[in-house]
There are 4 protein chains.
Amino acid sequence: MTTANLWDKGGTLDPRVRAFTVGDDWLLDRALLPWDIAGSAAHARMLGRIGVLDASEVAALVAELRSMHEAARAGEFTVTEADEDGHTAIEARLTARLGALGRKVHLGRSRNDQVALALRLLARDAALDLSARLGMFAEAMFAFVDRHGDVALPGHTHLQAAMPSTFALWGQAWIEAALESMRALAHLHGELNRCPLGAAAGFGSPVPLDRGAVALALGFSAPQRSVVDVIHSRARLEGRLLHEIAVVGATLEKFACDLSLYLTREFGYLRMDPAFRTGSSIMPQKQNPDVVELLRARVARLRARHEEHTWVSAKLPSNYHRDQQLLKAPLLRGIDEAREALDMATLLPAHLFPQEPILLAAMTTDLDAAREASERALEGVPFRDAYRETAAAAPAPGQSRGVPPHVADDARSELSQSRGECTRLRAWTLETRLTLAARLEEALGPMPLP
Amino acid sequence: MTTANLWDKGGTLDPRVRAFTVGDDWLLDRALLPWDIAGSAAHARMLGRIGVLDASEVAALVAELRSMHEAARAGEFTVTEADEDGHTAIEARLTARLGALGRKVHLGRSRNDQVALALRLLARDAALDLSARLGMFAEAMFAFVDRHGDVALPGHTHLQAAMPSTFALWGQAWIEAALESMRALAHLHGELNRCPLGAAAGFGSPVPLDRGAVALALGFSAPQRSVVDVIHSRARLEGRLLHEIAVVGATLEKFACDLSLYLTREFGYLRMDPAFRTGSSIMPQKQNPDVVELLRARVARLRARHEEHTWVSAKLPSNYHRDQQLLKAPLLRGIDEAREALDMATLLPAHLFPQEPILLAAMTTDLDAAREASERALEGVPFRDAYRETAAAAPAPGQSRGVPPHVADDARSELSQSRGECTRLRAWTLETRLTLAARLEEALGPMPLP
Amino acid sequence: MTTANLWDKGGTLDPRVRAFTVGDDWLLDRALLPWDIAGSAAHARMLGRIGVLDASEVAALVAELRSMHEAARAGEFTVTEADEDGHTAIEARLTARLGALGRKVHLGRSRNDQVALALRLLARDAALDLSARLGMFAEAMFAFVDRHGDVALPGHTHLQAAMPSTFALWGQAWIEAALESMRALAHLHGELNRCPLGAAAGFGSPVPLDRGAVALALGFSAPQRSVVDVIHSRARLEGRLLHEIAVVGATLEKFACDLSLYLTREFGYLRMDPAFRTGSSIMPQKQNPDVVELLRARVARLRARHEEHTWVSAKLPSNYHRDQQLLKAPLLRGIDEAREALDMATLLPAHLFPQEPILLAAMTTDLDAAREASERALEGVPFRDAYRETAAAAPAPGQSRGVPPHVADDARSELSQSRGECTRLRAWTLETRLTLAARLEEALGPMPLP
Amino acid sequence: MTTANLWDKGGTLDPRVRAFTVGDDWLLDRALLPWDIAGSAAHARMLGRIGVLDASEVAALVAELRSMHEAARAGEFTVTEADEDGHTAIEARLTARLGALGRKVHLGRSRNDQVALALRLLARDAALDLSARLGMFAEAMFAFVDRHGDVALPGHTHLQAAMPSTFALWGQAWIEAALESMRALAHLHGELNRCPLGAAAGFGSPVPLDRGAVALALGFSAPQRSVVDVIHSRARLEGRLLHEIAVVGATLEKFACDLSLYLTREFGYLRMDPAFRTGSSIMPQKQNPDVVELLRARVARLRARHEEHTWVSAKLPSNYHRDQQLLKAPLLRGIDEAREALDMATLLPAHLFPQEPILLAAMTTDLDAAREASERALEGVPFRDAYRETAAAAPAPGQSRGVPPHVADDARSELSQSRGECTRLRAWTLETRLTLAARLEEALGPMPLP
């Protein structure tokens with residue numbers, strides 16, 4: 001038997017239409033459930049504040065929502081296919097437990113702004129969580145650089161050996177990219193930190209809600225100004241989050257492409273822990289870096305999540321359309337998959353080992369050609385002439401002189417700046433997340449004394 | 001406990017790497033299981049044919065595979081997370097039941113070509129299945145045209161009322177698009193109908209297989225010529241299938257856009273069966289065409305499946321890379337979602353009702369302006385002058401003269417041609433599918449007498 | 001005759017390969033020329049500062065670069081197909097005019113970081129410029145709301161009339177979206193405001209440059225820390241700019257979708273100035289909103305620019321690859337096309353006229369159902385029961401009571417806050433842009449006295 | 001001064017709106033001009049056939065169109081910004097030369113179906129042209145295989161050396177992919193080979209045209225059945241062509257990825273003609289395969305063209321919208337860019353040289369492990385046991401035994417089949433193209449005697 005729809009007016013919905021419209025929404029709503037419940041508690045408290053519910057009603061609703069929240073976290077309360085969605089499941093359970101009181105909680109709000117709120121809370125948390133994981137990836141890379149930073153690495157351009165480099169320069173690049181994304185997520189957190197509740201169907205609530213109070217209770221900086229834009233901004237803000245995830249992905253992808261190359265027999269610059277390698281069903285000798293290839297492929301999937309989200313939201317006139325239901329899957333999956341990819345990338349550096357003899361042999365004198373031309377130029381030959389002279393002179397065979405000291409020194413000092421910024425960003429992320437968690441805990445907590 | 005990997009050589013794989021590399025592959029492999037088993041039976045028979053297995057070994061393997069096939073269809077045998085993938089699950093069960101004989105079946109093949117084969121069989125079937133469903137969508141539209149084809153409809157360009165049209169002209173457009181996709185799928189079926197088995201890791205098998213025999217046994221027109229291209233062609237052929245699915249989707253999307261518009265209060269050209277409409281949680285009066293919006297949104301998802309597939313397969317050097325594992329999800333989901341979308345689109349026409357009074361009122365005289373200008377021109381006025389005269393003359397207010405008879409006649413005669421083509425294409429699809437099913441049945445059947 | 005390549009060492013390049021590799025790069029480089037010249041002047045000054053060039057050499061180079069800059073702006077100096085690219089054109093002209101001195105300017109830098117610098121300067125400016133244009137779009141919408149904000153508009157959900165709204169609520173949504181993008185561009189400006197110069201080929205310069213001095217001279221907040229990441233960050237930062245452009249586009253698209261709908265005969269909510277409408281070649285009566293459809297279609301193109309950029313940069317190992325040349329076209333075109341689309345969207349509001357009689361007739365009593373249910377609920381009936389009672393009661397025919405006063409009041413107060421934020425953001429944008437322009441002017445100006 | 005619009009009725013269009021709506025359409029229309037003129041000639045002849053124009057009028061129009069066609073091909077007649085588009089330019093010139101007769105030619109048709117026809121003719125030709133170029137790419141690869149096919153190449157999976165291969169097996173893969181695309185283009189040619197003319201604005205022409213006659217005159221197999229679908233099918237058919245171009249691109253991309261790898265110092269499997277290599281502005285020693293990287297990057301662009309086309313056409317209700325104007329750019333550019341990429345890929349094989357000593361050294365005994373395990377298995381050990389035994393045994397160091405004879409033999413015989421198919425497909429393409437060219441020539445030729 002299916003739970004009665006919130007919009008049930010006595011008619012009968014064709015079961016094939018029901019199945020098609022519900023889709024896997026009930027499954028996806030499971031991830032939203034705790035956020036939806038916390039938001040409902042804040043809404044109920046606010047209805048009390050404006051005098052629509054009395055104190056005992058609020059207390060009863062909040063107590064029931066708190067126990068529902070615990071049940072949801074323990075997996076004892078969930079959304080099933082019989083419920084149309086999580087909002088229905090919550091109201092149905094409130095009504096089952098509290099009778100008429102349960103049927104009061106929806107006053108002044110719509111499923112539209114309820115889902116907007118739950119998703120905003122989830123996305124706000126995800127922005128901070130991904131930032132925290134980026135910080136851990138950066139830390140893993142700092143540790144790699146601490147271990148192997150001084151090892152020489154031929155720097156390539158066009159995949160052709162070009163100039164001397166080191167694993168410190170190489171490692172630094174991934175760290176900077178991570179910090180840039182952490183800053184972007186901090187900006188995005190600021191945008192996500194506005195409360196949508198009160199938009200109702202997108203034209204404001206027919207009830208004079210106190211939007212400021214509910215925003216405050218949920219840790220938001222303010223209510224979102226435009227009620228029409230509550231509906232519109234969902235796709236924009238989620239889209240920016242998914243795009244930033246794709247940008248993070250692009251960094252992991254480049255990292256995976258390097259590993260794939262450096263782990264070949266032909267390059268041989270790195271060796272990977274055998275516990276990280278897999279085999280072939282037909283070739284007994286194979287030890288493959290499947291984990292690296294799948295890291296790259298998962299980034300492909302992250303990009304597709306962003307595109308899926310964009311396709312669903314594009315070319316719709318203003319206000320709510322049911323199409324938006326299909327924004328949930330790419331958002332939720334994209335966030336989860338980004339976590340998995342980041343965690344794997346964080347695990348890898350400790351299991352990679354530069355192969356020094358091979359690397360040393362690869363540091364050949366031709367890598368010094370730019371430096372030689374520059375040295376001639378520093379002695380007064382116009383650079384372009386020095387360039388041609390150097391090109392004409394056969395470079396003496398042998399080993400490169402390595403990275404010039406000032407480049408190495410610069411890298412060291414920059415790494416130490418990056419380390420400082422990483423620490424600051426991680427601290428801010430952690431603190432903000434704790435504050436917000438405490439706020440939600442309070443919203444679900446016992447009523448403050450009058 | 002996990003099933004021993006086919007490539008197990010005694011080392012230990014880090015469990016986090018195992019989890020990351022397996023992903024949800026085991027879940028997706030469930031859909032491949034029946035195809036993989038049938039392919040394995042054909043492979044075993046061929047090993048018998050070239051003398052590598054003796055007749056009793058083949059008989060035992062085929063019998064066991066047949067029972068596995070039945071178990072798989074009945075849901076009694078499946079792939080679990082403990083298995084790395086479906087190929088491992090099959091070989092493990094054969095070995096558990098038949099001992100040493102089970103460990104013989106993989107001779108001469110690789111998981112690479114095993115998955116290539118299973119996916120080829122699945123995609124070949126999907127091409128025919130989708131074609132069959134397109135045929136049913138076309139039939140539903142023929143029936144709609146039979147019922148309502150003569151009802152007048154203002155034809156729009158730029159969303160502005162333009163010239164007289166009818167629901168016959170409107171319905172015909174969807175039918176032609178469906179037929180075009182059926183022809184494309186028939187072409188694609190021809191491409192998919194080549195047998196990849198025998199490529200092994202992509203460089204041919206070290207065992208002198210009889211590739212022709214196994215191709216024949218599985219109903220393929222021939223073995224695929226190039227063993228390297230067996231690996232490369234997977235992404236191309238699946239990509240073309242997913243693109244054709246997206247093209248079908250674009251037609252359903254346009255259909256949904258029309259419905260969304262015609263079902264508004266402002267247009268009011270169509271009414272939809274109340275059993276197909278859903279409501280709002282806050283606005284008691286609402287009756288929304290959610291099913292139409294979700295049909296449109298699901299097409300967005302179909303496009304994203306194609307893009308996901310392209311992203312995963314792009315920019316890889318030749319031969320196999322583990323990235324290809326992530327091609328499975330968009331392919332399998334894309335096929336399933338296309339079926340659901342097509343079936344819903346097939347259901348809709350019987351529940352749509354042209355609103356004749358509204359439509360009649362919308363057939364205003366200005367829609368006749370092009371005809372008036374043409375009539376003046378047929379009397380000898382240069383068309384461009386007639387155009388300007390007509391534009392200058394205020395059109396007498398009132399009702400349009402309707403669709404000119406020859407346009408209506410043309411539409412009728414074209415529809416009858418389309419009906420014939422639809423019947424032929426449906427028959428071919430059905431017949432081909434039955435033939436192929438019979439062939440697979442045989443491969444899993446008792447050994448033919450010598 | 002072609003200009004000698006900077007990398008010319010005496011060999012001969014196949015002309016077909018030359019044509020293929022140069023492509024239309026020379027054409028695109030025209031937009032980069034002024035930025036490249038200004039960057040070259042700052043580089044030359046810095047070479048003086050570190051004692052590599054003497055004061056008179058720097059003065060001669062800067063004077064020549066200044067005149068080149070003027071010539072470039074006046075269209076008297078440009079890049080031609082015979083030059084490989086803009087960098088070659090600049091060095092060739094310096095050499096032609098200044099002899100050996102011209103061949104000295106490239107010391108310590110590579111075309112890689114030269115193009116990185118020119119693009120960074122261009123993108124930094126574009127971020128501010130687009131923000132300024134967004135501010136103008138917001139102003140146009142404020143003016144529309146001032147004129148027509150009180151006119152009632154039926155608010156739709158699912159494209160079905162839902163609740164009372166106004167053109168103030170409608171207009172506010174576009175303004176908020178614009179402000180959000182202005183804030184995003186300000187964040188992005190901060191990221192773009194780091195100086196890439198000094199990375200050379202991506203492994204640092206063989207010459208001990210003063211990276212801080214050149215950054216300062218060009219108005220950057222600091223040099224970019226990691227030299228490897230200078231190369232990597234190009235795709236990320238440009239990608240974020242193009243994505244933000246696509247987000248702006250999504251807002252314009254939604255606006256265009258609304259107009260397309262409201263301008264139909266069937267909706268009729270808006271009328272557009274005849275000077276903005278176009279006609280049909282065959283139907284004399286037609287007056288089409290082509291401008292609105294092309295605005296929507298141009299957004300499609302903006303999204304494709306972002307995707308093109310992502311495709312080119314994806315799945316490349318670390319460091320420079322020539323693929324990056326093809327990042328230029330989508331970036332430069334995307335920026336230009338965004339300007340055109342924004343400017344057209346800014347022009348439109350003054351030419352749109354709400355059709356009050358039609359709108360009034362569309363404000364029917366059923367739009368009050370949610371308010372009625374809420375009023376019953378405020379009197380104590382549980383909301384869900386009130387909802388069902390309201391659904392059952394036939395709404396009295398007639399005209400809606402309109403937007404509740406508190407919603408209207410909220411909108412007014414929020415609009416006034418938005419106006420304040422818009423003013424502040426516009427001022428910051430303008431000021432920052434002026435400061436940066438002055439800095440570049442200085443870099444190209446006469447040498448400061450010692 | 002601008003050419004009078006075909007839809008001019010005396011009003012004034014805002015010049016900014018005009019600029020925005022015309023865009024670069026006039027530039028793109030230059031490519032359509034010859035097809036549009038030929039289509040106009042066939043239309044004029046058909047107007048004669050149905051008695052709307054008399055024989056002398058038809059003769060005068062066709063003669064003028066023929067001279068216009070010659071002028072267009074010679075670059076003496078073209079579309080300028082002052083013309084709204086090519087259709088306007090043609091009618092304006094006819095009217096300038098022939099007076100009132102010029103104003104008669106548009107009778108019974110619309111710009112909608114005029115552009116549909118011109119694009120159909122262009123796309124039909126492009127499908128054949130691209131097929132012909134694919135044939136040339138295949139021939140270049142056959143020649144490469146003839147020269148170097150027997151050279152051994154370590155076959156990789158997961159980018160790890162796996163099993164013995166040869167350049168014949170490698171080359172064959174690109175050939176098969178080309179043949180598959182040639183077959184796909186032949187199918188697509190069949191779909192493109194239906195005549196859209198007569199749809200007018202998408203609801204049929206108010207004039208009783210002879211659609212069969214005009215189709216026949218232009219070499220089409222038949223008129224396109226549904227007039228509504230004429231408008232809809234444009235995006236579908238062009239989209240399929242652009243997708244097939246992207247599939248061709250994916251093959252060239254994989255080829256470029258292989259070259260990029262094989263040309264590294266670390267792999268060193270191939271050497272490229274110095275005349276195909278380019279240099280660095282700072283590193284005198286560099287010789288880079290830029291051409292290969294740009295080939296890969298251009299494929300990225302081809303994918304983006306397809307996506308741009310899809311974005312523009314998506315989510316539009318039925319019938320014509322001005323958005324479709326923006327379909328032209330990605331179609332025309334995609335076709336041109338595909339030609340350039342194919343031609344470069346065809347040029348490359350003759351300038352690539354396998355480096356035999358390096359390749360021989362890379363053919364190590366571990367590549368024989370699968371064969372060894374299989375040999376044990378052929379002697380009766382279950383394959384999985386043989387696999388483990390082989391894995392445990394340390395492979396004797398030294399050189400691989402090379403590709404097994406039967407794999408080499410199979411490749412040779414398959415290559416010969418491919419050669420046959422390539423010849424047949426090329427012949428069909430050439431013949432079809434000649435026939436169609438002759439038909440158009442006739443349409444523009446002198447009137448046949450009665």
Side-chain angles (χ1 to χ4, degrees), chain A residues 5-9 11-14 16-17 20-21 23 87 106 109-112 114 200-201 273-284 286 288 290-291 293-298 300-301 303-305 307-309 311-314 321-326 329-330 340 343-344 347 351, chain B residues 5-9 11-14 16-17 20-21 23 87 106 109-112 114 200-201 260 273-284 286 288 290-291 293-298 300-301 303-305 307-309 311-312 314 321-326 329-330 340 343-344 347 351:
Chain A
N5 292 321
L6 298 186
W7 47 269
D8 188 30
K9 300 181 278 269
T12 316
L13 183 66
D14 187 293
R16 295 162 301 183
V17 173
F20 189 80
T21 53
H87 321 306
H106 205 62
R109 70 176 184 179
S110 158
R111 276 187 300 182
N112 281 347
Q114 197 175 349
D273 186 341
F276 274 57
R277 292 183 250 156
T278 36
S280 149
S281 74
I282 184 173
M283 294 170 288
K286 290 298 290 292
N288 294 322
D290 295 55
V291 68
E293 295 170 286
L294 283 168
L295 181 57
R296 177 175 58 199
R298 277 166 178 248
R301 197 145 78 175
R303 287 207 189 88
R305 297 294 176 240
E307 291 180 350
E308 181 179 342
H309 194 272
W311 271 114
V312 170
S313 64
H321 307 271
R322 183 69 179 262
D323 308 64
Q324 296 193 9
Q325 174 175 317
L326 267 55
E340 288 169 21
D343 290 354
M344 182 45 69
L347 204 54
H351 299 84
Chain B
N5 291 319
L6 297 185
W7 47 269
D8 188 29
K9 298 179 279 269
T12 317
L13 184 65
D14 187 293
R16 295 161 301 183
V17 173
F20 189 80
T21 53
H87 321 307
H106 205 62
R109 70 176 183 178
S110 159
R111 276 187 298 181
N112 282 347
Q114 198 175 347
S260 177
D273 186 340
F276 274 56
R277 292 184 251 158
T278 37
S280 149
S281 74
I282 185 173
M283 293 170 289
K286 289 299 290 292
N288 294 321
D290 295 55
V291 68
E293 295 171 286
L294 282 168
L295 181 57
R296 176 175 59 195
R298 277 164 178 249
R301 198 145 79 175
R303 287 206 189 89
R305 298 295 175 238
E307 291 180 349
E308 180 179 342
H309 194 272
W311 271 113
V312 170
H321 306 270
R322 183 68 179 263
D323 309 63
Q324 296 192 9
Q325 175 176 315
L326 268 55
E340 288 168 23
D343 291 354
M344 181 45 69
L347 205 54
H351 300 84

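Protein chains get the first letters and strands the later ones, always in sequence-line order, with residue 1 at the start of each.
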A.B. asks: Looking at B:H351, B:H87, B:H309, B:R305, which one has more heavy-atom pairs under 4.5 Å with chain A than the rest?
C.D. replies: B:R305

A.B. asks: Nearest 0.5 Å please: distance from the CG atom of A:D323 over to the CZ atom of B:R296.
C.D. replies: 4.0 Å

A.B. asks: I'd like to check the side chain to side chain contact (heavy atoms under 4.5 Å, CB included) partners of B:Q324; sequence neighbours left out, ordered by chain and number.
C.D. replies: B:I231, B:R234, B:Y320, B:L327

A.B. asks: CG of A:L13 to CG of B:D290: how many Å apart, nearest 0.5 Å?
C.D. replies: 9.0 Å

A.B. asks: Specify the closest pair of heavy atoms between A:L326 and B:L294, including all atoms of both residues, with the distance to one decimal.
C.D. replies: CD1-CD2, 3.5 Å

A.B. asks: When rounded to the nearest 0.5 angstrom, what distance separates CG in A:L295 from CZ in B:F20?
C.D. replies: 5.0 Å

A.B. asks: With a 4.5 angstrom heavy-atom cut-off, which part of B:H321 approaches chain A: side chain, backbone, both or neither?
C.D. replies: both

A.B. asks: Find the one option among B:A329, B:S260, B:A300, B:A314 whose heavy-atom pairs under 4.5 Å with chain A are most numerous.
C.D. replies: B:A300

A.B. asks: Would you compute the distance between atom CZ of B:R322 and atom CG of A:N288 and round it to the nearest 0.5 angstrom?
C.D. replies: 9.0 Å

A.B. asks: Starting at CD of A:E307, measure out to CD of B:E308 and round the result to the nearest 0.5 Å.
C.D. replies: 10.0 Å

A.B. asks: In terms of heavy-atom proximity below 4.5 Å to chain A, should B:R298 be classed as side chain, backbone, both, or neither?
C.D. replies: both

A.B. asks: Relative to chain A, which of B:R277, B:R16, B:E293, B:R303 shows the most heavy atom pairs under 4.5 Å?
C.D. replies: B:E293

A.B. asks: Closest approach of A:R111 and B:G279, non-hydrogen atoms and distance?
C.D. replies: NH2-O, 3.7 Å

A.B. asks: Looking at chain B, which one of A:H106, A:E340, A:Q114 has the largest number of heavy-atom pairs inside 4.5 Å, strictly under?
C.D. replies: A:H106

